[in-house]
Amino acid sequence: MTKKSGKVWSKKVNIYTRVIYDTMAKTQIVLNIEEENSMLDHIFNPITISGKEVRNRTAVPAMVMNFCTEDGFCTDQWTSYYEEKAKGGFGMIITENFAVCPQGKGFMRLPGLWKDEQIPGFKEAVDRVHAHGATFVAQIYHAGRQSHRFIIGQAPEAPSAIPCPFSPSPEDYPEELTVERIHEIVGQYGDCARRAKEAGFDGVEIHGGHGYLIAQFTSPYSNKRTDEYGGPLQNRVRFAQEIIQDIRSKCGQDFIVGYRISADEYVTGGRNLQDTLTIIPMLEPLGVSYFNVTAGVYRSFDAVIPSQYTPHAWNVDAAAEAKKVVKTAKIISVGRYNDIRLGETALAMGKCDLVAMGRQSLAEPHTPRLAKEGRFDEIRQCIGCHHACIGHLLQNIPGGCILRPETGREYEIKPLDPVAESKKVMVIGAGPGGLSAAIEAAKKGHKVQVYERRRWAGGQFRLGSVPAGKGEISAFIVWQQTMCKKYGVELFFNTEVTMDLVKEKNPDVIIAATGATPVIPGKIPGIKGANVVTAHDVLEGKAWTGAKVVVIGGGSVGAETANHLASNLKSVTIVEMMDDIAKDEIVVPRWGLLADLKKNNVTVYTDTKLESINENGVVLSGKYDGQLNADTVVLSMGSRPDNAFAEEVKEAGYDVCVIGDAAKVGLASKAIEEGFFLGREI
């Protein structure tokens with residue numbers, strides 16, 4: 001590590017071998033390639049905010065995880081989760097939302113600093129995070145109308161009596177705040193910040209975005225008041241201004257006071273970027289240390305937490321515009337940064353002062369450390385799937401990451417100890433579950449060999465990377481293979497495991513991760529016709545469909561396969577028996593998929609049943625009744641476990657563990673988690 005012109009330079013040279021095939025000479029050529037990692041000369045520079053030095057320009061934005069008790073007290077789960085990010089080298093870590101009062105909770109197990117008794121637990125957490133050199137900031141908020149009676153025990157509070165579009169019940173109809181209650185909440189913000197300072201936090205971040213209470217006041221989308229807190233802009237920002245002033249009066253100037261703001265709410269009648277650029281100069285002089293520039297409200301949830309259908313760094317230009325109107329406040333950019341080099345580019349272009357990597361910190365909390373060491377191939381990248389981070393929250397259970405089973409379990413999952421006696425482990429199938437088991441078993445010192453009958457790793461998860469918007473799944477599969485190499489796992493492709501091979505290798509343990517095979521109903525006339533293929537055939541590149549295609553089955557696999565075909569200019573119709581398609585997908589990725597299907601002119605027939613298939617297409621009944629012509633019929637009617645060989649090996653007396661789809665068909669997350677824990681148990 002050297003210094004040049006006041007900037008920190010990180011450089012590492014990797015030398016690796018690549019074997020290529022010369023088709024002219026019909027010989028193999030071995031190349032030694034020097035790969036020089038990118039120099040991150042902006043992102044690892046320190047920055048001073050309100051007198052406090054942040055060690056680098058990486059930030060973890062607030063993400064609700066539901067790790068505290070229901071009455072807002074700290075837990076070891078909460079502390080260990082943030083401590084891991086500090087160990088991983090992040091510069092500034094911003095906590096999930098601290099509710100300023102019990103009525104302000106929007107989720108069941110949020111942290112709270114609405115009473116002094118909550119301070120000691122969080123003080124211990126702050127000490128543990130500070131021990132690893134990170135700056136620790138507590139985000140404070142009131143959910144307003146974006147809460148529920150079953151969480152707070154009363155009707156939500158709001159500037160106006162207008163319910164959140166996602167309110168599921170009449171019981172969630174909000175009560176309009178009185179002026180007296182508004183003044184009380186202002187004081188609760190200040191008291192919450194004061195407690196955060198007493199707990200040792202370096203600052204607080206006021207949540208003024210995402211449609212929560214402060215944002216509800218600042219936006220005409222949700223504020224219909226006609227008193228001093230409603231109407232013209234100067235009235236709508238009054239609540240935020242009073243909160244900033246109250247916090248500064250109680251916490252002084254040697255304390256970071258950030259402000260999270262949605263640059264554009266992306267709803268009719270909401271604030272747009274120009275409104276926000278006008279508001280920022282009205283708030284900064286009151287003592288705002290930085291602005292965290294985000295986007296959206298609950299109605300535009302795909303802007304709040306973008307999925308794989310949203311481009312990387314998609315909101316960076318809004319941050320750049322905000323940077324033009326501030327005098328001393330710093331600007332944080334947030335919006336699908338899953339590669340630290342994307343952040344480096346944004347900083348190098350002068351568009352922001354810090355870069356927030358939220359979901360990426362769930363997939364790999366050690367992203368900054370690994371990048372600084374030049375170990376980019378060991379960084380697990382977020383794929384924007386939402387299945388554990390958001391999917392769990394929608395069920396009111398703790399959040400996590402499907403790619404990293406340790407996320408949220410740092411307090412109970414400890415580093416592995418080497419085994420006293422190494423075992424021979426045979427893994428059948430190089431899907432995400434099989435490789436997950438292989439990596440963990442190899443970490444313990446077992447001799448692991450993985451056999452895959454195809455030429456590729458990843459199984460059905462790799463096929464899931466084929467449709468539009470899903471390509472980053474392949475990055476995880478590559479990461480798994482990198483880790484296999486690191487820990488000495490041998491990978492054998494194009495190898496079918498037979499009983500003879502099992503006898504030859506004579507493993508101590510066999511892990512059957514053989515996946516699943518498509519369901520093909522035998523009773524439907526014409527189901528075995530020459531014009532019938534499966535979604536797997538299409539995604540694997542085995543089937544040429546022709547110009548006109550009918551996809552039978554509108555689950556996420558069928559819908560994504562249809563989108564893949566339509567994006568390649570095929571005329572596609574989805575036929576689904578249920579009343580809607582892609583119902584097994586999480587809300588934001590589903591919105592992205594449906595929007596893409598619409599853009600690609602895919603026809604959808606729901607409440608429609610396949611009766612038969614003929615050489616000209618299909619015969620349907622229900623909402624669509626009769627013949628529908630097509631060149632090819634693509635079946636996506638589910639899968640069944642492929643475990644016959646595992647049973648055969650079990651009967652031969654071998655120790656066999658069946659995981660993933662081979663045990664029970666489900667999501668990749670289940671296979672990854674099962675493989676992870678099985679590998680650690682061997």
Side-chain angles (χ1 to χ4, degrees), residues 14 16-17 84 364 366 370 373 375 377-380 403-406 409-410 412-454 456-459 461 476-515 643 645-663 670-682:
N14 290 335
Y16 62 94
T17 300
E84 194 66 28
E364 184 49 77
H366 287 251
L370 293 171
E373 294 171 5
R375 295 159 61 186
D377 55 349
E378 294 183 34
I379 298 176
R380 185 171 15 196
L403 308 183
R404 184 176 182 269
E406 305 101 300
R409 295 166 168 160
E410 292 87 355
E412 59 183 1
I413 296 178
K414 305 303 179 185
L416 291 168
D417 294 323
V419 292
E421 183 178 348
S422 178
K423 293 183 178 180
K424 292 191 296 182
V425 180
M426 171 184 276
V427 179
I428 308 174
L435 293 185
S436 181
I439 293 165
E440 295 305 307
K443 282 181 183 178
K444 296 181 69 174
H446 295 302
K447 182 175 177 56
V448 184
Q449 294 181 325
V450 179
Y451 295 87
E452 171 57 53
R453 62 184 176 85
R454 300 180 181 87
W456 302 104
F461 206 37
F476 176 70
I477 299 166
V478 171
W479 176 85
Q480 284 194 309
Q481 292 174 90
T482 297
M483 302 312 288
C484 282
K485 182 178 180 181
K486 177 178 180 177
Y487 293 109
V489 176
E490 294 183 273
L491 298 173
F492 299 90
F493 296 103
N494 295 312
T495 304
E496 187 84 41
V497 177
T498 63
M499 188 60 74
D500 287 340
L501 182 61
V502 172
K503 291 177 180 177
E504 176 191 337
K505 299 297 180 181
N506 193 30
D508 298 304
V509 179
I510 295 173
I511 298 174
T514 45
N643 53 24
F645 183 70
E647 294 303 317
E648 181 183 345
V649 177
K650 273 185 182 179
E651 290 177 5
Y654 289 91
D655 182 3
V656 181
C657 302
V658 183
I659 64 170
D661 283 354
K670 180 177 75 73
I672 293 167
E673 184 173 305
E674 288 177 0
F676 176 85
F677 286 109
L678 175 60
R680 296 173 70 89
E681 291 170 2
I682 295 174

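Keep in mind that this is a model prediction, so the values were computed, not measured.
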Can you name the closest pair of heavy atoms from [X] and [Y] and give their distance?
X	Y	answer
Ala512	Ala662	O-CB, 4.0 Å
Cys657	Leu678	CB-CD2, 3.7 Å
Ala438	Val448	CB-CG1, 3.7 Å
Ser436	Gly675	OG-C, 3.7 Å
Phe461	Ile477	C-CD1, 4.2 Å
Arg409	Phe677	NH1-CE1, 3.3 Å

Got a donor-acceptor contact below 3.5 angstrom from the Ser422 side chain to the Gly445 backbone?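 Judged by distance alone, yes, a pair lies under 3.5 Å.
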
Is a donor on one side and an acceptor on the other found under 3.5 Å between the side chain of Trp479 and the backbone of Asp377?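 No; zero donor-acceptor contacts below 3.5 Å.
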
For salt bridge (Lys or Arg N to Asp or Glu O under 4.0 Å), just list the numbers for Glu410 and Arg404, CA-CA rounded to whole Å, side-chain angles, deciding distance to a tenth of an Å, and then say yes or no. CA-CA 11 Å; Glu410 292 87 355; Arg404 184 176 182 269; 3.1 Å; yes

I need the single residue from Glu674, Glu440, Glu673 that forms a salt bridge (Lys or Arg N to Asp or Glu O under 4.0 Å) with Arg680. Which is it?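 Of the listed residues Glu674, Glu440, Glu673, the salt bridge (Lys or Arg N to Asp or Glu O under 4.0 Å) partner of Arg680 is Glu440.
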
To the nearest 0.5 Å, tell me how far [X] [atom1] sits from [Y] [atom2].
X	Y	atom1	atom2	value
Tyr487	Lys444	OH	NZ	14.0 Å
Gln449	Glu490	CD	CD	4.5 Å
Ile659	Thr514	CD1	OG1	9.5 Å
Phe676	Glu681	CZ	CD	10.5 Å
Glu406	Glu412	CD	CD	11.0 Å
Met426	Lys447	CE	NZ	11.5 Å

Taking the side chain as every heavy atom from C-beta outward, state whether [X] and [Y] have any pair of such atoms under 4.5 Å apart.
X	Y	answer
Gln480	Met483	no
Pro507	Val425	no
Lys486	Arg375	yes
Glu496	Arg453	yes
Leu491	Leu435	yes
Ile682	Ile511	yes
Asp655	Asp508	no
Phe476	Ile672	yes

Could you tell me whether Lys414 atom NZ has more than 12 heavy atoms of other residues or ligands within 6.0 Å of it?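 For Lys414, atom NZ is crowded (more than 12 foreign heavy atoms under 6.0 Å).
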
